[in-house]
2 protein chains.
Amino acid sequence: MMKAHTPAPQLRGPSDHDVRDQIVEAATKYFGRYGYGKTTVSDLAKAIGFSKAYIYKFFDSKQAIGEVICSNRLSTIMATVDEAVTGVPAAPERLRRMFKALVEAGSYLFFHDRKLYDIAATSASESWPSVGAYEEHLKALVLQIVRDGRELGEFERKTPLDETVNAIYLVMRPYINPLLLQHNLDNAADAATQLSSLILRSLAP
Amino acid sequence: MMKAHTPAPQLRGPSDHDVRDQIVEAATKYFGRYGYGKTTVSDLAKAIGFSKAYIYKFFDSKQAIGEVICSNRLSTIMATVDEAVTGVPAAPERLRRMFKALVEAGSYLFFHDRKLYDIAATSASESWPSVGAYEEHLKALVLQIVRDGRELGEFERKTPLDETVNAIYLVMRPYINPLLLQHNLDNAADAATQLSSLILRSLAP
DNA sequence: TGCGTGACCATAATACAAAATGGTCACTCG
DNA sequence: CGAGTGACCATTTTGTATTATGGTCACGCA
């Protein structure tokens, strides 16, 4: 697992510091096990053998820690999704795999890492940067796939690129955004298949 | 406004009875003004000059009353949507209008009738029959439009009909289901336009 | 007989005091 | 000077005693 705190939330003090990593490590464990709400900043402090006040030399707030943990987890998912599509030459197949991997990763998070899922949901509902970056990354991936597909003549080229990409993203969003995903979990796998097909039909040259 | 208690929830006693109508009338007023939660069954009873116990001669539960109020309101929306598409000959245009009317009605409900919107959201989250019937009706409308479009040669005919319809419905659902709509309200109008276009591209012969 | 109800119960909502938590800061110590 | 902290405060959260509410039923009365 890489470091991947992509959009660097509100930090304090030196950006690479052993104690910061210790905090993140402890938070990953505690937030994942007991949940964001049930974990107190003092818990984290105690876990690394410092006082609560010292935590605040490194993070602006408890939420800032939550954002890092959330970002990290979403980075892992992004890596999984990226991996699922790399090496696949055909754009249509890449789009299918992207959607599938996305839904699988989201479902997994929900069913096997519920506490972290809840943080992601909070992140989405309170517009933390974490989920925003996640969505942007995926939007960029869609753009990439559509662009490639167009170049290879697999997709039509009449519709304005940004409109196409945006519309496709809108179709996927209910299965990307944690706040929406939870209401689409039953049949999410089928939905991914059917919607992929619909999108691809709309992209046919 | 018509009667329209379409899927007749758990009733008691004679299905047409003046007192039943009075209850529904009072509930429409109270639920709409103070919300479902803040309205007590005694409030309704007092409003029509009977005792609380008498209400239960006509309805199985408070929720059953809520379902009727919710169904009625959703029936109004369905009527609006139906009206928006009737008389339009071209299937593509009908689909556009359907989506647009749907989003407008939903947004209106949210912004101008918030208390009733909340009931609809509850209905969706607890799977009352009301929202279920609403979704079914709209799914049927999509089927109708696609079928017509196919017959007129406006839409492709290769993809299995039910798959097409289901996929289209899945695209629209986040703007239909109240539980999902609330997270899509900003840009809902644009989304409806762009997604209509995407759907129509996917339907192109 | 059938419309209508007061009294009753289990559970849910509310109110509110007490405890816990997020966050700050002046300060210590090496 | 900089790593590290105890004491402190405003705001939430929690536990709980109390009230309100959904729902039933045996009964009254025309």
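These numbers come from the heavy atoms of this one structure, side chains and all, not from hydrogens, waters or symmetry mates. Below, read A as the first sequence line, B as the second, and so on, with proteins coming before strands; counting in each chain starts at 1.
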Given atom [atom1] of [X] and atom [atom2] of [N], what is their separation to the nearest angstrom?
| X | N | atom1 | atom2 | result |
| --- | --- | --- | --- | --- |
| B:I55 | C:dG6 | CD1 | P | 13 Å |
| B:Q22 | C:dC3 | CD | C1' | 14 Å |
| B:I48 | C:dC3 | CD1 | P | 14 Å |
| B:Y56 | D:dC27 | OH | C1' | 20 Å |
| A:F58 | D:dA3 | CZ | C1' | 9 Å |
| B:Q63 | D:dG22 | CD | P | 13 Å |
| A:K57 | C:dG23 | NZ | P | 15 Å |
| B:K46 | D:dG22 | NZ | P | 11 Å |

Practice prompt. Report the relative orientation of the aromatic rings in A:Y54 and A:F58; use parallel for angles under 30°, tilted for 30 to 60°, perpendicular for over 60°.
Written response: perpendicular
Fill in: Selection residues 27-40 of chain A - residue pairs positive for salt bridge (charged side-chain N to carboxylate O under 4.0 Å, His left out), sequence neighbours left out
none
Worksheet entry | Any A:Y54 side-chain N or O less than 4.0 Å from OP1/OP2 of D:dT5 | no
Item to complete: May I ask you to verify if any side-chain N or O of A:K38 is less than 4.0 angstrom from the OP1 or OP2 atom of D:dT14?
Response: yes
Worksheet item: More than 12 foreign heavy atoms under 6.0 Å from CD of A:Q182: is that the case here?
Response: yes
Worksheet item: When only distance counts, do a donor and an acceptor, one from the side chain of A:K62 and one from the base of C:dG23, lie under 3.5 Å apart?
Response: no
Fill in: Pairwise 5' ranking along DNA chain D for A:K52 and B:T40, keeping only the more 5' one
A:K52
Worksheet item: Name the one of B:L138, B:V146, B:I145 that satisfies side-chain contact (heavy atoms from CB on, under 4.5 Å) with B:V142?
Response: B:V146
